[in-house]
Every structure is written in structure tokens, then in C-alpha cells.
There are 2 protein chains.
Amino acid sequence: MARVTLQTIADEVGVSRMTVSNAFSRPDQLSGELRARVLAAAERLGYAGPDAAARALTRGRTGVVGMLLETSPFDAFVDEVSVGFMRAAAAGLADAGYSLALLHSNRSGDIVPTRDVAMDGAIVYSCAPQSEGVGDLLRRRLPIVRVEGLPIEGVASVALDDEGGARAAAQHLLDLGHRDIAIVAGGIDADGRPLHDPPASDYSVTRGRLAGWYAALQAADVVPRIVATGATSVDDALRARIRELLAAPPTAVLCWSDLAAVEVLEAAREAGLSVPADLSVVGFDDVPLASRVTPPLTTVRQDLDAKGDAAVRALLSMLDGGAPEAVPPLATTLVVRESTAPPRAS
Amino acid sequence: MARVTLQTIADEVGVSRMTVSNAFSRPDQLSGELRARVLAAAERLGYAGPDAAARALTRGRTGVVGMLLETSPFDAFVDEVSVGFMRAAAAGLADAGYSLALLHSNRSGDIVPTRDVAMDGAIVYSCAPQSEGVGDLLRRRLPIVRVEGLPIEGVASVALDDEGGARAAAQHLLDLGHRDIAIVAGGIDADGRPLHDPPASDYSVTRGRLAGWYAALQAADVVPRIVATGATSVDDALRARIRELLAAPPTAVLCWSDLAAVEVLEAAREAGLSVPADLSVVGFDDVPLASRVTPPLTTVRQDLDAKGDAAVRALLSMLDGGAPEAVPPLATTLVVRESTAPPRAS
DNA sequence: CTGCCTTTCTGTATCGGTATAGCGGCGGTC
DNA sequence: GACCGCCGCTATACCGATACAGAAAGGCAG
């Protein structure tokens, strides 16, 4: 039993293939009576309407926007920050009629998403500019918006004002009177090289936040202690270093994520340190968890809805033929809760 | 400047279009020397490789699996249960080389995802069988797997053993000695009709859980009090009813979700009731939040990874040409934490 | 009754690929 | 020296639709 196509219906009804196509796609092009007959025949033969792939080919539009993630899709769904971004992006795209396809980086199959999945544009979330996936997308000359991650030549981008947020966080601690401050950061010093001052990172989020912390601290002549791993998520190595740090605790800790800050809270509890009396802790991101831990975390909020909206708006304007345009860094807000206080008088 | 296609390259190199195609897709079909020349020309002309839409048309495969959600994509990313499911499903599909496309139900654009987005198969998560989106997908005769939601004729399904989990939860309260038990459930009695006994619901999750609770309670001759709304998420109406309930509190409450249970916890605190001393509370799902609230919630755990894996496995087997096959209900586990205790001796 | 404009439908070309059969040339076998 | 098989490439026919330019039929003004 051959597949049912426009031609099948056309033969059945005794009209041209074109007329059947019009019955589905341009109803005003034929009489209501004939259209009804065509549709009835289609129904009878079990025709679902124009084939999506064929239509995508001729119309040159798929209705799909891809999202390439630095991590595997699995990890992206674990991280509350990327979930929040996906949420806003998916909602914005849905409003504009686009479906969001999560592209993976598994290149072993015969279909490599970044190269072979049909789409009208893509969002590149926190990816290395030189990664294969990004290369594939660039080669296709698709409209692309980069979100976080290092700059990609010729690609519009949406990013947080990491530096400003970090500066505000550091300044908050300085204003409280702290001078002995540690920084907990991932994505730097992967191979144990001596750290620069300020330390360097190829991980854009950490890079911006480091710059902000150092800007404030150096202005106050404070030299921070650095606790770092190469990993960009909280891992056992980082946990161990945090515990080392708290053996001779500073009075305050700046963390590059709320998750890292929660680890510090945990380690402080183990070490018998009271937060914020003995140790002030500042996170970053303001994920839902931040306000639920004990004590609720002082942190730098980023507005994930705004980030998603900005990315979608930038992409939609390109999909409509607009030129890629720069989006200014998204503002952050310092949220002061109960994990920070003046240092204990010594 | 016309678009660069296989033909452009073919003309440039002076070979047939077919040879260029082979250079990309079947390297063994031409000499290495010629292939190198073709690829060099492609590079020079900025050809990204075979067009995805065209390839999808001829090969009949897209590498995309759609996921249709009952709610908007936005809400799906808010609910920890659906996020957990998406996580597992996306990971499983990525391993198999498929990208996951989130289909929205916005039918106003010219591209209706369920009808017009090219895909090889779809997962239908907790959707009404008679919804337009489901109808579109069925008409296309795509391989489909249903996850949660009411049965869809001829569609393989993956669902939780809601009934067994609920029965275990109710039995746990009975074993503790509770006789005055309330049930908090959404998705029933939307228009205020008198409730049946057990109450009816068109919302499959609630339906299964109700059946389980009643099975255990009726066997013990306990008649529960019902607190319900038509909404399937926690809303103000439900919050208000919970507060009414606690004006004359039962000794224990069975909730159809952890989120609802957290509301009960909150309302109990407001009413000056101590959990579990004055009131035992049981949730459902075991979302991450459940173990973090105070007191940690006794709840029925569902394994979202298993659910995602089961759905993906079922779909993959159909994509490989297998027949749809029934997947047995997924097991649940009662997790006893600190929100349940024997009723206060009266 | 003629000419012109609509309405309604059809024919052909095209979208950008891939499958498949076939063709010339070359080395090798008997 | 005729025959065979293989290698490397090409020609042709699709895949399933849509765009666009007509063409037949009918309506209306002059």
C-alpha cells in the first residue's frame, strides 16, 4: 500500500494535484464545494495534510528553532539557571509560533543535529565558540543568537552583566567591613597552573564575575584568597577545597553560583562555623533554592525571563530578515538576605 | 547572489551533482583525490553540506522527536515532575541520536507544530486524548508514545502505578492509626457538582490516585473528607479550601502532589497545628522540594528517569519498525519521612 | 455581440537532495 | 584475445510539495 500524497487525492477526486494543495493551504483559491469534496476524499483516504518535510523544503521554513547547549540535555535540565532560561525561551518562541528543538552534541549517529536537523535559526547557550556544533551552525549561515559563553565572531549575543553583579556583591561585603575575603569559582586553573591576578578563565561566566569581584576588591586594596577548580559545576574537588579553606576561614566568601554557596554553607555547618556570624556567604544567580536554604542566601539575582525574552526577540528579528544587533548586558540585582553580616569584632 | 547548492559545486568542479552528493554522504563512492577537490570547492563557495530539509524529504527521516505537552512549554518547565521527565527523555533520545522538539499548542500561526513540524515520532505527555494536537499527530500516523494522561486508542503508553502508590500512602496512615483522613486533590469537581464516592476525575493522574486511596480507605471503613478543585495545579481556590478544612482539622491528609502537600504544611503552620503531632501529611511524587521542606515530607516516590527511559525505549522500538507494545505501570515507592506520625491520643 | 475582467482550475518548473541503474575503461583470468 | 568484474563517475527518475503563469468559463459594461 503506497503512501497517500496529494497525487493520490487528486486522482481520486479527478482534479489536479495543485488543486488539492490549494484545498489545504490556500482555501480562497477554489470553490467551497470542490474544497469540501477534496477534504472529504483526503479524510477517507487517511491523508493527514501536506507532508511536513516536503513543505519545509519548498517553503524554506520549518517552524523550528534549535537550541545548542554546552552541556548534555540531561545536565541542562538539572541546572536551575539553564532550566529557567529554556523556560523563558520556549515560551517566547511558542508565542511566535516556533517550536524549540534541543540539539545534542552526540556526533556518532548518521544525523548530527547541528548539521542535519532542519531549522530556521538557533540559540547557542553557553557554548565554546570553537566547538564543532557551533561551527556546523555557523557554516549553515542560520540566524544565530548566542547566550552566555564567549563571543562568536559575527553572532549577536545576549549576556548578563556578570561583572556589574559581581562588583555589587563584593562591594556589599566591603561595605559590611570585610577584609578577609575568599572567592570560590569554577572554570579556572584547570591544570593547576599558578593563578593570575586576577585569575584568568576561558569560561565566560566566571571570567565576568572574576572581573567584577576584582574590580571592587582591588579598589579597596583587598587581596582575595581563591578557591577554584577547572570544572564549571560543583564537584568533589571543589568540595574538598572548600573544606580546606574553612580550616582557616576568611570572614566572607564570594561564590560564582548559588550551588557553590550552598556547598559553602554546608561545609561551614560541618566546621562549626555560624553563618553569618562567623562567615558571610554570597551566591550568584538567585535560583529558587537560594531563598529556601538556611540561612537564606544573599545573592546576585539574574532575571532569566528577561534573558530568554531578549534572546528570542533578537532571534525573531533576524528571522524576519533584520540584521543581527547587539543586546546590552542584562542587569543584575543584589538581593541581601540573611547569609551576610558584618565580621565578628576581633 | 543565488543560494549555493550541490549544483553550484558540481558546476565549479566540473562533475555531476551526484558526485558532489556522494562526496558528502558516501565517501567510498568516489576517489579520494576528487573528493578532496569537491570539498575544497564547497569550502571555498561556503557550502555547508546537504540541506537539512531536502535531505529529510528524500531520506524520510528527520532525526527529530516531538514532545507534546498538556500545558504550555512554560508551565512544563515550572513543574518539577515534567522537568524530570523531559530530562530523562531528552537524555535517552540524545543517546539514540534524536533531538527533542518541544511542540506548542498555539494554533494561530501558519505553522502548527503538531501538524507541520517534520519529525519521526512523538511523545505525548499528559494530554487529553481528544485534543487537537493529539488528533494532528494521530492523523500523521507517526509512531507515538503516550505518557500519563488518559488512554489514546491504539497508542502505546507509559504510566505510573498511581493507584498502587496511593494505596500504599493511605495504608501507611491507616497503619499509624488514623481514621479521620482528608484527601486533597485537583482535577475533579470542576463545576461544583456533588462528588461521587469515590469521586470521578477526567484527569488521569488524579483518577488513579483517587482509586488507590479509596481502595485502602474503604477496606478499612474509613470515609475520607474531600478537598478538591477543578484545576490540576495548586491555585487560590484550593488554598482557600485547605484553610477551611483545617478549621476543623482531620488527623491526616493525603495529597495528590507534593506541591499540594506543601500548601497544607503552610496552612497548618498558619492554623497553629504542628506537623506531624497534630496533623500527618502525605505528598505524592517526591520532588526535590519534598525532602527540603520542614518537616521533610512523607511521600510516594515516582522514578522519573525510569519513566523517561521507558517512554524513549518504547518509541525507539517503534521507530525501528517494531509494533507498539504496552509498558507495565511503573512502580512507586512510599518514602516515609517526618510529616507523618500516629494521631495524638484523644 | 464584443471585449474585458473574474473566478476557478491546471500545467510546468522548481525546491535541494538521494537511489539506482548504467556506462566507459582498466586489470586480470582462462 | 575474448570475457569478466570492478572502479569511478554520470543520467535519470524520483521524494512530496508549492509558485507562478496561464487557460477555460462565466459575468458585466458598452
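Owing to the predicted nature of the structure, the values given are computational and were not obtained by experimental measurement. Naming convention: chains lettered A, B, ... in sequence-line order (proteins, then strands); numbering from 1 in each chain. Only heavy atoms go into these numbers, but all of them, side chains included; no hydrogens, no water, no symmetry mates.
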Next item on the list: In whole angstrom, give the distance that lies between atom CZ of Arg17(B) and atom C1' of dT18(C).
Entry: 9 Å
Notebook entry, point to check: Looking at dT18(C), dT10(C), dG16(C), which one has an atom nearest to any side-chain atom of Thr5(B)?
Noted result: dG16(C)
Check: Rounded to the nearest 0.5 Å, how far apart are OG of Ser72(A) and CG of Asp95(B)?
Finding: 8.5 Å
Note to self: Counting the atoms with a prime plus P, OP1 and OP2 as sugar-phosphate, which does Thr19(B) contact under 4.0 Å by heavy atoms, base, sugar-phosphate, or nothing?
What the structure shows: base
Check: What nucleic acid atoms does Phe24(A) come within less than 4.0 Å of, heavy atoms only: base, sugar-phosphate, or nothing?
Finding: nothing
Note to self: Any side-chain N or O of Ser25(A) below 4.0 angstrom from OP1/OP2 of dT18(D)?
What the structure shows: yes
Margin query: Can you measure Leu6(B) atom CG to dT10(D) atom P for me and round it to whole angstrom units?
Written below: 13 Å
Next item on the list: Applying side chain to side chain contact (heavy atoms under 4.5 Å, CB included) between Met119(B) and each of Val65(B), Thr114(B), Leu103(B), Leu100(B), report the one that passes.
Entry: Leu103(B)
Next item on the list: Specify the separation, in whole Å, of atom CG of Leu57(A) and atom P of dT18(D).
Entry: 11 Å
Next item on the list: Return the minimal non-hydrogen interatomic distance between Leu68(A) and Val134(A), and the atom names on each side.
Entry: CD2-N, 3.8 Å
Checklist line | For atom CG of Asp11(A) and atom C1' of dT10(C), their distance in whole Å | finding: 14 Å
Next item on the list: Mind calculating the distance between CZ (Arg3(A)) and P (dC15(D)) to the nearest angstrom?
Entry: 10 Å
Next item on the list: Return the angle between end axes of the helix from dC1(C)-dG30(D) to dC30(C)-dG1(D), with five pairs used per end and rounding to 10°.
Entry: 50°
Item checked: Side-chain-base donor-acceptor pair under 3.5 Å for Arg55(B) and dG16(C) -> no
Check: What do you reckon, are the aromatic ring centroids of Phe24(A) and Tyr47(A) less than 6.0 Å apart?
Finding: yes
Check: Asp51(A) has an atom CG; how far is it from atom P of dC15(D), in whole Å?
Finding: 12 Å
Next item on the list: Kindly give the heavy-atom pair with the smallest separation between Pro50(B) and Ser25(B), and that separation in Å.
Entry: CG-OG, 4.3 Å
Check: Taking atom P of dC9(D) as reference, at what distance in whole Å does atom CD of Gln29(B) sit?
Finding: 10 Å
Item checked: By side chain to side chain donor-acceptor pair (under 3.5 Å) - contacts of Arg26(B) (at least two apart) -> none
Next item on the list: Would you mind classifying the nucleic acid contact of Leu30(A) as base, sugar-phosphate or nothing, using non-hydrogen atoms under 4.0 angstrom?
Entry: sugar-phosphate
Notebook entry, point to check: Tell me: CG of Asn22(A) to C1' of dT18(D), nearest whole Å?
Noted result: 9 Å
Margin query: To the nearest 0.5 Å, what is the distance between SG on Cys127(A) and CE on Met67(A)?
Written below: 9.5 Å
Note to self: Within the 4.0 Å heavy-atom criterion, would you say Arg26(A) contacts the bases, only the backbone, or no part of the nucleic acid?
What the structure shows: sugar-phosphate
